[in-house]
Amino acid sequence: MRLTLSVIKADVGSIGGHTKPSSRMMAAVEGEVAKAICNNLLIDGFVCHTGDDIAIIMTHTRGEGSSEIHQFAWKAFLAATSVAKTSGLYGAGQDLLADAPSGNIRGAGPGVAELSFDHSLSGARPAESFMVFAADKCGPGAYNLPLYLAFADPMYCAGLMLPPMIKGFRFHVIDMDHTAGDSVIELDAPADNYHIAALLRDNERFGIDRIVSQTYGEVAVAVSAQRLHAIAGKYTGKDDPVAIIRNQGIFPAPEEIISPFAKAHFVGGDARGSHVMPLMPVPLNTPVTGMYCLPIVSCTGFSIDKEGRFSESYTDFFDNPAWDEVRRRAQSKAIEMRSQGWSGAAMLPYSELEYGGFRDTVSALLKRFRLREERKPEAAE
């Protein structure tokens, strides 16, 4: 069976500001998923949220970019939007940038990550397990560093030295500033490690789109590398990316994938998408209620049976006391960075500020600049 994993997420409303979706919104999406399973559109589905973003995790056989799957997700988010509007919630329908896309909704606002594989539970993959990362208040480049460390650095992933992974992985890196279509370069780790790093250091422009095993040709990672401000032409909320990562066996193990997140590394995001702040790992269904609107990321693990259904439960990787220390460190780093306020590296450069008001303020001031008249030298006595 050729199985497709699709994760589609959107912010379509939240309670008391940009915090979390309401229980009625979640129920509306869950109801749509249940109907899609009964109608055999989906094999299985799971609904969760990270901050104010609702994510629909799906298995099906319609392939990547399926208009049927994408239209289903769009309608599910419309149902949640309707609830949000009726309830007077903040940002109702915020990520739905198009009125009514006719097919694939990539580029219409919701974040989309998809990958397909032959699902037989035999050969190189006798068991199929995967993880879904969902982040809020940050951009797709937030995954650049941890994915590079997990799939290209044996200091973080000792499994890279084993025969199934010794040939390395191919990184598909996308230029997110290119809006006319997907502009992608393919670079091989470890041979191109320095070239990969040269691009991924710029989280705002370049992002990992997918990662592929060079030994088996199997897709290991898919990321929703789209930027809302590049699509909409204005700030409509941070991009809040999702990523699908297959693990174990021919791919890194879960602990090798999540360990780089212990860095609580700095990313662009936070309030109005305008600051540089640490990314805090959090349990699933965590609202954004802490000081500074800290960027957050959740990680959920699933196994898939031979029919393509999820196992009876899931693993919440960051819901563990071991991550409490990382969360404390992230908050400490955030307090120190925000104590610098608007100055220097604490905020993104004007070219990247996604809140249009900042650019409007500076643009208005630039019109008031005047060339200073040259002072004539004073005559000698």
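If you read the sequence from its start, that first residue is 1, and numbering goes on from there.
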Validation row, ring centre Phe310 to ring centre Phe46 under 6.0 Å: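 Not under 6.0 Å, so no.
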Looking at Thr300, Ile257, Ile244, which one forms a side-chain contact (heavy atoms from CB on, under 4.5 Å) with Phe133?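 Considering Thr300, Ile257, Ile244, a side-chain contact (heavy atoms from CB on, under 4.5 Å) with Phe133 is found only for Ile257.
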Give me the one residue out of Leu5, Asp305, Thr61, Leu3 that meets side-chain contact (heavy atoms from CB on, under 4.5 Å) with His119.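 By the side-chain contact (heavy atoms from CB on, under 4.5 Å) criterion, His119 pairs with just one of Leu5, Asp305, Thr61, Leu3: Leu3.
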Looking at [atom1] of [X] and [atom2] of [Y], how far apart are the two atoms once the value is rounded to the nearest 0.5 Å?
X      : Y      : atom1 : atom2 : result
Met25  : Ile15  : CE    : CD1   : 8.5 Å
Gln248 : Ile250 : CD    : CD1   : 11.5 Å
Thr81  : Lys75  : OG1   : NZ    : 14.5 Å
Leu42  : Glu68  : CG    : CD    : 10.5 Å
Asp188 : Phe171 : CG    : CZ    : 10.0 Å
Asp319 : Cys299 : CG    : SG    : 12.0 Å

I need the minimum non-hydrogen distance between [X] and [Y], along with the two atoms involved.
X      : Y      : result
Cys157 : Glu256 : SG-OE1, 3.4 Å
Met161 : Pro154 : CG-CB, 4.2 Å
Val33  : Gly45  : CG1-CA, 3.9 Å
Pro110 : Leu96  : CG-CD2, 3.9 Å
Phe77  : Ala10  : CZ-N, 3.7 Å
Asn193 : Ala152 : ND2-O, 3.4 Å

Side-chain ([X]) to main-chain ([Y]) donor-acceptor, under 3.5 angstrom:
X      : Y      : answer
Arg370 : Lys367 : yes
Asp316 : Leu284 : yes
Thr315 : Phe317 : no
Ser87  : Leu89  : no
Thr86  : Ser82  : yes
Ser224 : Val242 : yes
Thr59  : Gly308 : yes
Gln214 : Ala189 : yes
His60  : Arg62  : yes
Asn39  : Leu41  : no

Report the relative orientation of the aromatic rings in Phe169 and Phe151; use parallel for angles under 30°, tilted for 30 to 60°, perpendicular for over 60°.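 Answer is perpendicular, since the angle exceeds 60°.
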Pairwise ring pair (Phe, Tyr, Trp, His ring centres under 6.0 Å) hits with a residue in residues 194-216, at least two apart: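 Counting only pairs at least two positions apart or across chains, no ring pair (Phe, Tyr, Trp, His ring centres under 6.0 Å) contact touches residues 194-216.
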How far apart are the C-alpha atoms of Ser129 and Asn247, what are their side-chain angles, what is the distance that settles it, and do they pass the side chain to side chain donor-acceptor pair (under 3.5 Å) test? CA-CA 6 Å; Ser129 56; Asn247 62 34; 2.4 Å; yes
Would you call Asp118-Arg125 a salt bridge at under 4.0 Å N-O?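 Salt bridge absent between Asp118 and Arg125.
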Heavy-atom distance under 4.5 Å between the side chains of [X] and [Y], does that happen here?
X      : Y      : value
Thr215 : Met165 : no
Asp95  : Asp53  : yes
Thr19  : Tyr90  : no
Arg210 : Val221 : no
Asp136 : Val288 : yes
Ile304 : Phe130 : yes
Val29  : Glu32  : no
Met58  : Ile8   : yes

Hydrophobic cluster identity match, [X] and [Y], side-chain contacts under 4.5 Å:
X      : Y      : result
Ile69  : Val12  : yes
Ile196 : Ile174 : no
Trp323 : Val282 : no
Val219 : Val184 : no

Is there a side-chain contact (heavy atoms from CB on, under 4.5 Å) between Leu147 and Val223? Walk through the geometry before answering. CA-CA 10 Å; Leu147 289 181; Val223 179; 3.9 Å; yes
Can you give me every donor-acceptor pair (side chain of residues 337-348, partner residue at least two apart or in another chain, under 3.5 Å) with its distance?
unit_1, atom_1, unit_2, atom_2, d
Arg338, NH1, Asp270, OD2, 2.5
Ser339, OG, Glu336, O, 2.5
Gln340, NE2, Ser343, O, 2.8

Check the pair Met1, Ile43 against side-chain contact (heavy atoms from CB on, under 4.5 Å), reporting the backbone distance first and the verdict last. CA-CA 12 Å; Met1 174 172 56; Ile43 298 174; 4.2 Å; yes
Asp52 and salt bridge (Lys or Arg N to Asp or Glu O under 4.0 Å): which partner among Lys20, Lys137, Lys9?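 When salt bridge (Lys or Arg N to Asp or Glu O under 4.0 Å) is applied between Asp52 and each of Lys20, Lys137, Lys9, only Lys137 qualifies.
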Check: Ser122/Ser120 side-chain N/O donor and acceptor closer than 3.5 Å: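 Short answer, yes.
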